[in-house]
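Everything below concerns the one structure shown next.
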Amino acid sequence: PQPGRHKGLVIASGMLGTPYRYGGASPRGFDCSGLVYFAYRKAGIPVPRTTGAQLHYAHPVHPSRLRPGDLLFFRLTSRTVSHVGIYAGDGRFIHAPSRGKRVSYASLDNPYWQQRIVAAGRY
């Protein structure tokens, strides 16, 4: 990895293009929290497996203080936080979006994500 780059982010970016798979936490396929779980664990950073637990145990981060490798939490359809991504810097994050899609980058400038982000956290 490049100096100063978050190891979990480096590992996750190596998974770009991997298919989404509900319940997946391996290079055969990932769901959103499975990607975080896999990448962080491989980097030696223990995190829980589910989005809710990842949010619960993360140290809260103010949006103005985001650093690459921080986790971003989103509320998509229900009242609970149901999606997580890894902040990559420059307003982008990497995530496993949804069924039929692949691990990819998304932009926080996109109104869809802007309206749904609810928290950020650091491990």
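Owing to the predicted nature of the structure, the values given are computational and were not obtained by experimental measurement.
Linking ILVMFWY residues whenever their side-chain heavy atoms come closer than 4.5 Å, directly or via other members, leaves Leu108 and Leu71 in distinct clusters. Side-chain heavy atoms closer than 4.5 Å link hydrophobic residues (I, L, V, M, F, W, Y) into clusters, and following such links, even through other members, never connects Ile94 to Tyr87. Clustering ILVMFWY residues whenever any of their side-chain heavy atoms sit less than 4.5 angstrom apart, transitively, puts Ile11 in a cluster other than the one holding Tyr20.
A cation-pi arrangement is absent between Arg41 and Phe38, since the terminal nitrogen or guanidinium carbon is not both under 6.0 Å from the aromatic centre and inside a 45° cone about the axis.
One finds the CZ atom of Arg122 at 4.0 Å from the CG atom of Asp70 (value rounded to the nearest 0.5 Å). The line from NZ of Lys7 to CD1 of Ile45 is 8.0 Å long, rounded to the nearest 0.5 Å. Here the CG atom belonging to Leu16 is positioned 5.0 Å from the OH atom belonging to Tyr105, to the nearest 0.5 angstrom. Atoms CZ and NE2, on Phe74 and His95 in that order, are 8.0 Å from each other to the nearest 0.5 Å. A distance of 6.5 Å separates OG1 in Thr50 from CD in Gln54, rounded to the nearest 0.5 Å. The NE2 atom of His83 sits 8.0 Å away from the OG atom of Ser98 when rounded to the nearest 0.5 Å.
Counting heavy-atom neighbours within 6.0 Å of Tyr57 OH, excluding the residue itself, gives a total of 12 or less.
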- Is there a ring pair (Phe, Tyr, Trp, His ring centres under 6.0 Å) between Tyr40 and His6 once you walk through the steps? CA-CA 10 Å; Tyr40 272 55; His6 188 281; 5.1 Å; yes
- Task: Please test Tyr22 against Phe30 for ring pair (Phe, Tyr, Trp, His ring centres under 6.0 Å), starting from the C-alpha separation and ending with a verdict.
- Result: CA-CA 7 Å; Tyr22 182 79; Phe30 294 105; over 10 Å; no
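At least one donor-acceptor pair closer than 3.5 Å links the side chain of Asn110 to the backbone N or O of Tyr112.
Considering only heavy atoms from C-beta on, Leu72 comes within 4.5 Å of Phe93 through its side chain. Thr51 places a side-chain heavy atom less than 4.5 Å from the side chain of Cys32. No side-chain heavy atom of Ser82 sits under 4.5 Å from any side-chain heavy atom of Arg75. Looking at Phe73 and Ile117, their side chains never come closer than 4.5 Å, going by heavy atoms from C-beta outward.
Taking a cutoff of 4.0 Å between a charged side-chain nitrogen and a carboxylate oxygen, Asp31 and Arg49 qualify as a salt bridge.
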